[in-house]
There are 10 protein chains.
Amino acid sequence: MTVSATTEKLLAAKKSKGLSFADLETTIGRDEVWIAALFYQQASASEDEATKLLTALELSLDLVPALTAFPIKGLGPIVPTDPLIYRFYEIMQVYGMPMKEIIHEKFGDGIMSAIDFTLDIDKIEDPKGDRVQVTMNGKFLAYKKW
Amino acid sequence: MTVSATTEKLLAAKKSKGLSFADLETTIGRDEVWIAALFYQQASASEDEATKLLTALELSLDLVPALTAFPIKGLGPIVPTDPLIYRFYEIMQVYGMPMKEIIHEKFGDGIMSAIDFTLDIDKIEDPKGDRVQVTMNGKFLAYKKW
Amino acid sequence: MTVSATTEKLLAAKKSKGLSFADLETTIGRDEVWIAALFYQQASASEDEATKLLTALELSLDLVPALTAFPIKGLGPIVPTDPLIYRFYEIMQVYGMPMKEIIHEKFGDGIMSAIDFTLDIDKIEDPKGDRVQVTMNGKFLAYKKW
Amino acid sequence: MTVSATTEKLLAAKKSKGLSFADLETTIGRDEVWIAALFYQQASASEDEATKLLTALELSLDLVPALTAFPIKGLGPIVPTDPLIYRFYEIMQVYGMPMKEIIHEKFGDGIMSAIDFTLDIDKIEDPKGDRVQVTMNGKFLAYKKW
Amino acid sequence: MTVSATTEKLLAAKKSKGLSFADLETTIGRDEVWIAALFYQQASASEDEATKLLTALELSLDLVPALTAFPIKGLGPIVPTDPLIYRFYEIMQVYGMPMKEIIHEKFGDGIMSAIDFTLDIDKIEDPKGDRVQVTMNGKFLAYKKW
Amino acid sequence: MTVSATTEKLLAAKKSKGLSFADLETTIGRDEVWIAALFYQQASASEDEATKLLTALELSLDLVPALTAFPIKGLGPIVPTDPLIYRFYEIMQVYGMPMKEIIHEKFGDGIMSAIDFTLDIDKIEDPKGDRVQVTMNGKFLAYKKW
Amino acid sequence: MTVSATTEKLLAAKKSKGLSFADLETTIGRDEVWIAALFYQQASASEDEATKLLTALELSLDLVPALTAFPIKGLGPIVPTDPLIYRFYEIMQVYGMPMKEIIHEKFGDGIMSAIDFTLDIDKIEDPKGDRVQVTMNGKFLAYKKW
Amino acid sequence: MTVSATTEKLLAAKKSKGLSFADLETTIGRDEVWIAALFYQQASASEDEATKLLTALELSLDLVPALTAFPIKGLGPIVPTDPLIYRFYEIMQVYGMPMKEIIHEKFGDGIMSAIDFTLDIDKIEDPKGDRVQVTMNGKFLAYKKW
Amino acid sequence: MTVSATTEKLLAAKKSKGLSFADLETTIGRDEVWIAALFYQQASASEDEATKLLTALELSLDLVPALTAFPIKGLGPIVPTDPLIYRFYEIMQVYGMPMKEIIHEKFGDGIMSAIDFTLDIDKIEDPKGDRVQVTMNGKFLAYKKW
Amino acid sequence: MTVSATTEKLLAAKKSKGLSFADLETTIGRDEVWIAALFYQQASASEDEATKLLTALELSLDLVPALTAFPIKGLGPIVPTDPLIYRFYEIMQVYGMPMKEIIHEKFGDGIMSAIDFTLDIDKIEDPKGDRVQVTMNGKFLAYKKW
């Protein structure tokens, strides 16, 4: 997987300034996951958001257009090899059809939107080993009939 | 995607008896998503859980071995065509690398387990359109060095 | 591509009764394309719609559950070989990125919904050769920020 | 997906001059979608059209040959990851066979041409959310027998 | 590659009656290649053509609908393993781009139609070894601008 | 598809001198299609042919070795996206098995050689629209038994 | 890999009669490898050869047409999993380009025919471990220029 | 297929000095096919062999490490497009299972080694057309039971 | 993944008799992993081993030929979806090149045999969670030069 | 397979200093396989481990961030062509399902962790040919029910 020059600059600046995504959350007023998506050019910032981010990272405002453009989205190969990312594909292999059953039972024919959608990641401390909690929240969209 | 004869029997019995997965949750003492995974032979029940489920569905106990076996897991094609399931793959294409960044920042080098893992689906009522909420919770596993 | 037994029964009944999809449009009160999607089990009918359709085709009402179920959608292989269907894939190869430019220019960052969506097919008579007109109409969904 | 240097120059010039594709439509006398296709080197301009476009964008006429050449067409991967473009593939997965049924019923054995073909994109304002309307119009070509 | 039951019946009847495709050419008034395409359900016959063919082969007229239907076309895998068929794919690998150059030079931007198209196969006797001659003839279709 | 630097030089020189492949046919004494194949480094010239071609194009004779080498043949992806080239693949999908039937019927078990092979492209003028005629001619090779 | 019913019958009869392919070589007058290819329906026998084989195996002559037909050749998946067969693919991965160099150096531009071709397998006894010797012998075919 | 800089230097030096692989066979004391494999960095030379080869080609001894390293082996794509190399894949498609039968019949359960293995290429002169003879010789390895 | 009827019979008999693979190890005198490989028709038994196994399982000796045949080996899809099996593929993605480095450093150019090879699985009890230990042991095979 | 510039620097420094991975094992206090994984950027070092390694190799400490980063893991193509690495994939094809049976029998439903995991490679001297021994040791993870 190749990462764009813009992404590399953003990640390097964040590292050299010792900022976490949570720090940037405060500065920009957006969730840390959304900001990480912006780093990877998977989301489109407003002029104001782009300026705040570049200022916080002490990077040139020449990068504003790259952050406000409408990106060609999608980062990875069809079957990812990185173990952390693969696990989410495996979850869909194992639990995809069961989730479809439950969602249809609760909502009817339609889907969960991946556009009108938010995603949060929390660390749940646990003496038996901390846990990663991922919360996805998307509007239900019913299939239109015509 | 072909569904096994066992899965078909379970789904048909549930439909004819007018039971929801939430109803089965009460009967069996397991979450509705896990029960749906069992329907699709993606999870392995105890003798007791299998018996309770088959009794609730008024199906023959001859299906106990099919439900307590260790299944070959994974249901779908490499790139799924069903829109509901595809959205979760799209989420990984768009947010996969950002999630990797956030998880590593919060936990270090490792992964979220897909085995010591739970998944819940809730309906969040909203006047602008109800929302699907998916909560994944997996133990963080740090890479061992040796 | 294998077609389900239900689809085959519906197509055979329609053929033997000499009905067109436009005829069924009148009977059922839904567009001919949506009805064809129902034939191929890509859409989910209400009890009432299913009953009207099966009655019009003089088929057993035992097929009602198959027509009201929530189907696993997606009919074809990754690269279709049928020339009529392939042309639409070719259109996306050639005009996909240009369409993305125009849609983003007119609407901002987001997508055209394929769920809150209708599709119509018209025959435009033309002395130089009749023309097929396909009209797709989907709600614009803006990417949510959070 | 890599975009050619020519495409990048055209897009950058258009952006820096603050022109929309609709503006270029007036200048060149071609539809905005066709012009966007020319930007992505998926269409072949006449000398005159190329000159008008480059003049409007204040770019060197050295780019004329690149715009009048016969391009190797097709922009994307077999399964696109960008959500906006993917939706059109999903539409074909769900509605491809139904469309084939309707087109054959109305026209007989043949296809809609993707060559003698136009494509328009309109914004339909709607208080419940604006809608994207895509109109494809292609000559029907009947299979020749010999 | 699986061949349909209809194709198998047609091929078996032709073999048992000792007829060549050239013989059927005389009976039906269509070219032998087109008739072979009909055998493989890649072409759509008129009622009259279907009746003549089935009569010549002494097969039941129950097969008429299968021969007059609008088939889902395309027979083979993405990369065929049969050496005779593979050679045509190899020809395209080696001579595809050269052909594109020559056709564009002679005709401009467009394609050779595969729909308004005929294909003939002749045996050219030659003392150094007989030769197969394949003649493809398709209407040139120029890309429409709009 | 990436084209080699040698191919680009040959095509640019031909364009700047205003020569057609038919013009080069006269100069070199080989068919225009074979010469186009040489441009794309899919054929291997003699020293004499290479010298004639480079002289006609006023290019350095340093390119002689590139034109007389034994190339690694094959230009394209498994499923080509360019519409002109794709049509030939579609022809094989639709007419491949019928052609196999006819060739075996006329010649027995074997193949048409793609090596002892020629390919010609002609423009057939027609008031209803000019036609592209492609003539392939290959030696029949019978399977050896041993 | 699925093997045809004909192949299974031939293999079972050979086993039950305790015949080796070398025994059949004597009976039929063809090499054991060619006979094994006939078993797998990758070669086409004459009426006489088919009759001799079926008689030797005490099988019904009803199988003659299956053995004299022109088979759709090619047995395996794109990347075979059987270790014995995979080794030959690995040999091509490692030694393919070196072989191409040597063959072009000795013969010029062209290929080794896989049609006018024989293949023999011998057991070479060796105290350090017996060796498998595979001898392929194909006519050199020079690329035709035209 | 991209060839390494080392391979290109070796091939260019060999060409400019007018040496054949057979000439190098004499100098280095290894078979011409093995030497060609070394050129393509598919084999690992001793210091002495590397020095002899580079001296014969009048190349810098700086290339010794590249020739004595343990290469990542495998040169080609999954399905090669070059006709000369493809023929060997086709041979495996057609004769792979027959060879498996013969080898198991002669040796039992196991494989021919592709490591303890040699490969020779000979030109067999023949008035009807010269023939390429490829001789592969590998140790038989029996499956261990434990 | 489809499992053969033979495999299903063996697994069912073992289950109904309450035998573990370790029990069969004692009866047959082969390792439990090898016996499991025989169950899945990935290994070839002697007449004696097959008889002992079928007797222990109280199955008909009609299955002897299926167990002594030379199987077409390889069970799974290119990228397995079952999490347990996938982990071994992931290990190769992550540690494959490092293992290659270490093996070449210790042994020189060559491979670990997968034929003259054994594999053992042990349960290592551990208060922090039991561990799976997999021990692979294969003969080193050095690349032959010739 | 392309190797990163960091990996190349590490390998070159190790070679020029004549160090083995076993030597580095002593210096750094980690196993040689883990160190090789670090060379290939498949593992993440502590500051201290990175400093020790770079000092031992006399490389600039500018490489510390590259060695302490959280890498995108996974090195190879879906089906590797290198024979040494392929053998491990073949082992999974042949023994994958048998291993699944044995592990489930000994441990129940779950997997061997590839994260809480170690891998060792030993050279077992043997007069009949030295053997490679690979020992994998991973924590058993039981599927959670919820």
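Chain naming here is simple, since letters A, B, ... match the order of the sequence lines and numbering starts at 1 in each.
Interface summary for chain E: among Gln93(F), Lys139(F), Gln42(F), the most heavy-atom pairs under 4.5 angstrom belong to Gln93(F). When each of Tyr95(E), Trp34(E), Phe39(E), Tyr86(E) is scored by its heavy-atom pairs under 4.5 Å with chain F, the top score falls to Tyr95(E). Comparing Pro80(F), Gly110(F), Pro98(F) by how many heavy-atom pairs each has under 4.5 Å with chain E, the most go to Pro98(F). Per-residue counts of heavy-atom pairs under 4.5 Å with chain E were compared for Thr135(F), Asp130(F), Val94(F); the largest is that of Val94(F). Most heavy-atom pairs under 4.5 Å with chain E: of the set Ile102(F), Leu38(F), Asp82(F), this distinction falls to Ile102(F). Heavy-atom pairs under 4.5 Å with chain E were tallied for Ala22(F), Ser20(F), Pro71(F), Ser113(F); the largest tally goes to Ser20(F). Contact count versus chain E (heavy atoms, under 4.5 Å) is highest, among Gly74(F), Ala142(F), Ala43(F), for Gly74(F).
Salt-bridge check for Asp116(F) with Arg131(E): passed, with a basic side-chain N closer than 4.0 Å to an acidic carboxylate O. Salt bridge status for Lys106(E) with Glu32(F): present, with a side-chain N to carboxylate O gap under 4.0 Å. For the pair Lys14(E) and Glu105(F), the salt-bridge criterion is met [side-chain N within less than 4.0 Å of a carboxylate O].
Looking at Ile121(E), both its backbone and its side chain come within 4.5 Å of chain F, counting heavy atoms on both sides. With a 4.5 Å cut-off on non-hydrogen atoms, Leu141(E) does not touch chain F at all.
Shown here is Glu47(F), whose CD atom has no more than 12 heavy atoms of other residues, nucleotides or ligands within 6.0 Å.
Both the sub-6.0 Å distance and the 45° axial angle are not jointly satisfied by Lys123(E) relative to the ring of Phe140(F).
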